[in-house]
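Model, not experiment: these values are computed from the prediction.
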Amino acid sequence: MSGGLVQIARAGSSLEASLTIAALEGAGFSPSAPGFHTVHTLPYLSTALGGIPIRVPAHEAPEALAFLRALPSHTSAVPTVRPGPAGWLKRALLSVAYLLTGRAPHNHSAPLQKPPKDPDA
């Protein structure tokens, strides 16, 4: 069957592209990601290039798109902790220390970000 390649997704980073490609390959599809190595080497180009297109052969496109849509997505990110007034002062002092010395001490009072709990566990 011919028909060329059809774009079914666009990844914002090389990590996202790697995971999507691995999922598609694991399901038996033949994905291709032009520009992957460029963005992997120079990550700041991801925005300039509009992300990494993920393509599959035209005859695989409907099934691959349905497969990607069926994958669970964990879009509920960990809420960001907003520091109080003392936190802003400490953050400013750490920034000044970094600007003056080129390195800043580790912020031991920063809260640890815990991953979201798996609802299936």
Side-chain angles (χ1 to χ4, degrees):
M1 292 188 158
S2 65
L5 296 174
V6 176
Q7 180 176 327
I8 60 166
R10 183 169 291 277
S13 68
S14 59
L15 175 63
E16 184 182 351
S18 295
L19 292 172
T20 305
I21 290 168
L24 288 168
E25 286 177 344
F29 298 105
S30 306
S32 128
F36 172 80
H37 294 293
T38 302
V39 171
H40 183 69
T41 306
L42 304 166
Y44 55 86
L45 285 180
S46 179
T47 304
L49 297 176
I52 304 168
I54 298 175
R55 300 175 181 162
V56 295
H59 66 279
E60 293 180 357
E63 294 86 14
L65 188 57
F67 172 76
L68 286 180
R69 287 185 177 153
L71 287 177
S73 65
H74 297 285
T75 56
S76 60
V78 176
T80 56
V81 178
R82 304 189 85 200
W88 289 111
L89 178 61
K90 187 169 188 175
R91 186 176 284 180
L93 290 174
L94 288 173
S95 298
V96 169
Y98 174 74
L99 290 173
L100 293 175
T101 64
R103 52 182 292 200
H106 181 68
N107 187 357
H108 294 288
S109 66
L112 297 175
Q113 298 290 334
K114 295 182 181 176
K117 293 184 179 180
D118 186 13
D120 298 330

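- Across all non-hydrogen atoms, the minimal contact from I21 to A33 is CD1-CB, 3.5 Å.
- What you find for A58 and P62 is that their closest heavy atoms are O-CD, 3.8 Å.
- Among all heavy-atom pairs drawn from E16 and R10, the shortest one is OE2-O, 4.2 Å.
- Note on L5 and I54: separate hydrophobic clusters, where clusters join Ile, Leu, Val, Met, Phe, Trp and Tyr whose side-chain heavy atoms are under 4.5 Å apart, directly or indirectly.
- Residue S30 comes nearest to P57 through the heavy atom pair O-CD, 3.3 Å, listed as atom of the first residue, atom of the second, then distance.
- Summarising the geometry of V39 relative to S14, their closest heavy-atom pair is CG1-N, 4.3 Å, with the distance given to 0.1 Å.
- Judged as a side-chain contact (heavy atoms from CB on, under 4.5 Å), and not counting sequence neighbours, the contacts of S18 are F36.
- V6 is not connected to L65 by any chain of hydrophobic side-chain contacts under 4.5 Å among Ile, Leu, Val, Met, Phe, Trp and Tyr, and they are in different clusters.
- Every residue meeting the side-chain contact (heavy atoms from CB on, under 4.5 Å) condition with P34, not counting sequence neighbours, appears here in chain and number order: S32, P53, R55.
- Listed by chain and residue number, I8, A9, T20, L24, L71 satisfy the side-chain contact (heavy atoms from CB on, under 4.5 Å) test with L68 (two or more places apart in sequence, or in another chain).
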